[in-house]
Amino acid sequence: MSNTFIIINNSFAIATAERIAAKMEGSTIVSVAGYPGSNKISSLPDFLSESFQVADLLIFIGAMGICVRSIAPFIQNKAIDPAVINIDLHGKYVQSVLSGHKGGANEYAQQIAEITNGTAIITTASDTLEVWPLDIFGKKYNWTNEYQNVSENDLIAAFVNQKKTALLLEVKNGGTQSLQDSCPDFVEVFYQFDQIKQEDFDLLIAVTPALYETNIPSLFFRPKCIVVGTGAQKGIGVEAFENELRSRFEANRLAFASLKSIHSITVKANEEAYKQFSETTNLSFITYSSEELNEKEGEVSYSEAAHREVGAVNVSEASALIASGAKALIQTKSKHVDANGKHFTLALAMDAKQERKGEIFIVGAGPGAPDLISVRGKSLLKRADLILYAGSLVPRELTDYGKASCVIRNSADLTLEEQFDVMKEHYDRGGLVVRLHTGDPCIYGAIQEQMNFFDQHKMDYEIVPGISSFQAAAARLKSQFTIPEKVQSIILTRGEGRTPMPPREQLAEFAKFQSTICLFLSVTLVDKLQADLLVGYPENTPVAICHKLTWKEEKIWRGELKDLAKIVKENKLSLTVMIVVGEAIGNRKNRSLLYDPKFTHGCRKGIDN
């Protein structure tokens with residue numbers, strides 16, 4: 001912090017002033033009396049006349065009346081007035097007096113209260129009522145405020161008085177997520193402008209780069225989300241470049257305040273028009289090599305002139321696509337000429353990271369215990385707008401990771417088409433959808449037909465693996481399912497019920513291998529399972545029947561293959577059962593070579609004795 005002045009008029013204020021100055025870099029203590037440790041000033045009015053508009057923060061220690069009377073002649077407006085704080089002599093009460101939001105006095109009050117171990121007193125209505133401070137909310141996200149049909153003060157007053165408000169979120173970033181997560185009851189969220197019936201609302205707050213005409217008082221937050229690609233002959237005019245760039249934004253009904261950055265080819269890194277524009281607007285100017293640009297060859301129009309001059313098949317379109325990460329351009333290459341006949345091109349693209357598009361994650365829930373889901377899976381559940389979970393197989397407790405606003409649906413009674421409709425509704429409005437499957441979704445997860453729907457509708461999705469029940473079975477049985485020199489294969493399969501098995505995958509044939517077999521979704525077929533398994537396994541082969549592995553209700557029965565059907569029927573098992581067959585269960589024989597003292601490998605040389 002620079003330009004902070006601590007003003008004292010009493011010797012008892014020195015200790016408090018020094019505590020604050022020691023913690024706030026750039027602070028200067030001043031007094032008319034010239035108290036020890038302070039800079040002497042001729043008079044408070046003269047000091048404020050010189051310092052009021054150049055100071056970032058003025059801290060008065062003493063009576064509130066002195067503070068108010070002293071600053072009154074110099075106050076202009078909240079856009080330029082400095083933050084003003086008043087504190088009692090001991091720092092017990094820290095009052096935000098002026099420029100609470102834009103000047104940061106509210107934040108300074110809280111900061112100073114921590115230093116003095118006092119209480120910050122903040123009376124701004126939005127802070128007191130815990131609603132969004134609209135005048136400064138976007139500052140954190142580098143958004144620009146634009147008002148339509150209303151002044152800033154009037155719009156904020158109406159919002160604080162909880163007038164019915166439409167909130168339009170046409171981009172997706174940290175700021176829009178914060179708005180969505182903290183939305184007051186009097187605010188209704190929309191994701192497309194044409195969905196809003198303006199006559200039903202008193203106010204509109206919109207986070208969008210798009211230009212719209214409204215009939216009601218409106219605040220447009222302009223996020224930095226539009227990138228520009230450009231190519232040019234040497235020496236184009238700065239004014240022509242900016243004018244044409246602005247016209248492209250206007251033609252595409254985009255706010256110029258949403259311009260994020262400009263991009264070109266490396267040989268144009270010192271082009272004066274680009275450099276000046278970057279410096280004037282404080283926006284990044286980034287360049288790429290011709291090789292990097294040519295990686296977009298199949299996605300852009302071919303420019304013979306660009307290829308001849310700089311070796312790139314296209315400069316403006318390719319650089320816009322690279323910079324944005326987008327799959328398509330808002331505007332393809334447009335051609336322009338400045339007053340001196342110099343040619344340049346422009347292309348526009350949306351920052352893909354801020355596109356309001358949905359996300360779908362097919363997440364493996366693990367075998368059941370909520371803490372056995374992957375770290376990534378848990379993180380996604382916490383962020384999800386919709387959790388669609390297989391309720392007959394996934395414990396309800398896993399959905400407790402969801403946030404308060406998350407919609408949670410059990411898919412057990414839904415058809416595939418109904419499930420897809422639920423997911424698409426949230427996806428289309430830019431929501432994060434978690435389709436939660438038991439175990440690992442790629443093993444009997446019924447996800448292929450879901451992915452077919454997603455592919456047909458060009459919806460992005462990702463699969464997050466999970467711990468399968470066969471892995472949980474090995475852990476709970478304290479068994480290694482592969483035995484050196486005896487069993488080196490694990491067969492994951494199921495019995496043949498209403499879902500037919502391919503002829504080459506009959507259980508009786510698998511049993512002849514005497515590998516470790518893990519049977520999913522088959523407990524109701526236990527008589528046939530036992531008969532098929534006995535074709536290949538001895539009747540005393542160990543078996544384990546695992547019910548609801550890692551759930552609170554977990555139960556495990558061990559026995560021999562000849563008693564498999566008997567164990568299942570006696571315990572009336574019908575769902576969420578994993579059956580494991582093979583001599584690997586509980587085996588402690590057959591040491592591996594890996595750690596044998598005589599065995600040599602890449603990390604260790606064996607010894608003979």
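In this chain, residues are counted from 1 in sequence order. The analysis underlying the following values was restricted to heavy atoms, covering all of them including side chains, and did not include hydrogens, waters or symmetry mates.
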Counting only heavy atoms not in F74, do more than 12 fall under 6.0 Å of its CZ?
yes
Looking at G237, is its backbone amide N or carbonyl O close enough to the side chain of D338 to form a donor-acceptor pair, meaning the two atoms are under 3.5 Å apart?
yes
Is a donor on one side and an acceptor on the other found under 3.5 Å between the side chain of E292 and the backbone of S289?
yes
Is it true that the side chains of D81 and S99 contain a donor and an acceptor less than 3.5 Å apart?
no
Audit row: F221, Y141, ring pair (Phe, Tyr, Trp, His ring centres under 6.0 Å) steps and yes/no
CA-CA 10 Å; F221 286 122; Y141 307 101; 9.1 Å; no
Which residues share a side-chain contact (heavy atoms from CB on, under 4.5 Å) with K333, sequence neighbours left out:
S301, S303, N314, S316, E317, K335, T345
Do D135 and H101 have side-chain N/O donor and acceptor atoms under 3.5 Å apart?
yes
Taking N173's backbone N and O only, do any of them form a donor-acceptor pair with T176's side chain (distance below 3.5 Å, no angle check)?
yes
Across all chains, not counting sequence neighbours, the ring pair (Phe, Tyr, Trp, His ring centres under 6.0 Å) partners of F60 are none
Counting only heavy atoms from other residues, nucleotides and ligands, does the tally under 6.0 Å from CD of E114 exceed 12?
no
Counting only N and O atoms by type, is there a donor-acceptor contact under 3.5 Å from the side chain of S379 to the main-chain atoms of R376?
no
Do the side chain of S264 and the main chain of T230 share a donor and acceptor less than 3.5 angstrom apart?
yes
Donor-acceptor pair, side chain of D385 and main chain of L432, under 3.5 angstrom:
yes
Modelled atom types, side-chain donor and acceptor of Y288 and E295, under 3.5 Å:
no
Short question: side chain of T165, backbone of L204 - any donor-acceptor pair under 3.5 Å?
no
Would you indicate whether K102, at its atom NZ, is surrounded by more than 12 heavy atoms from other residues, nucleotides or ligands within a distance under 6.0 Å?
yes
Taking side chain to side chain contact (heavy atoms under 4.5 Å, CB included) as the criterion, tell me which of V464, L381, L380 meets it with I373.
L381
Does one side chain, of T144 or K224, offer a donor that lies under 3.5 Å from an acceptor on the other?
yes
List for me each residue that meets side-chain contact (heavy atoms from CB on, under 4.5 Å) alongside K140, sequence neighbours excluded, and say none if there are none.
none
Checking N145 side chain against L134 main chain: does a donor-acceptor pair fall under 3.5 Å?
yes
Is any NZ, NE, NH1 or NH2 atom of the basic residue among K327 and E355 found under 4.0 Å from an Asp or Glu carboxylate oxygen of the other?
no
Within the side chain of N39, is there an N or O that forms a donor-acceptor pair under 3.5 Å with the backbone of V30?
no
For the side chain of E170 and the backbone of A210, is there at least one donor-acceptor N/O pair under 3.5 Å apart?
no
Given I6, I85, T4, L48, the one that forms side chain to side chain contact (heavy atoms under 4.5 Å, CB included) with L58
L48
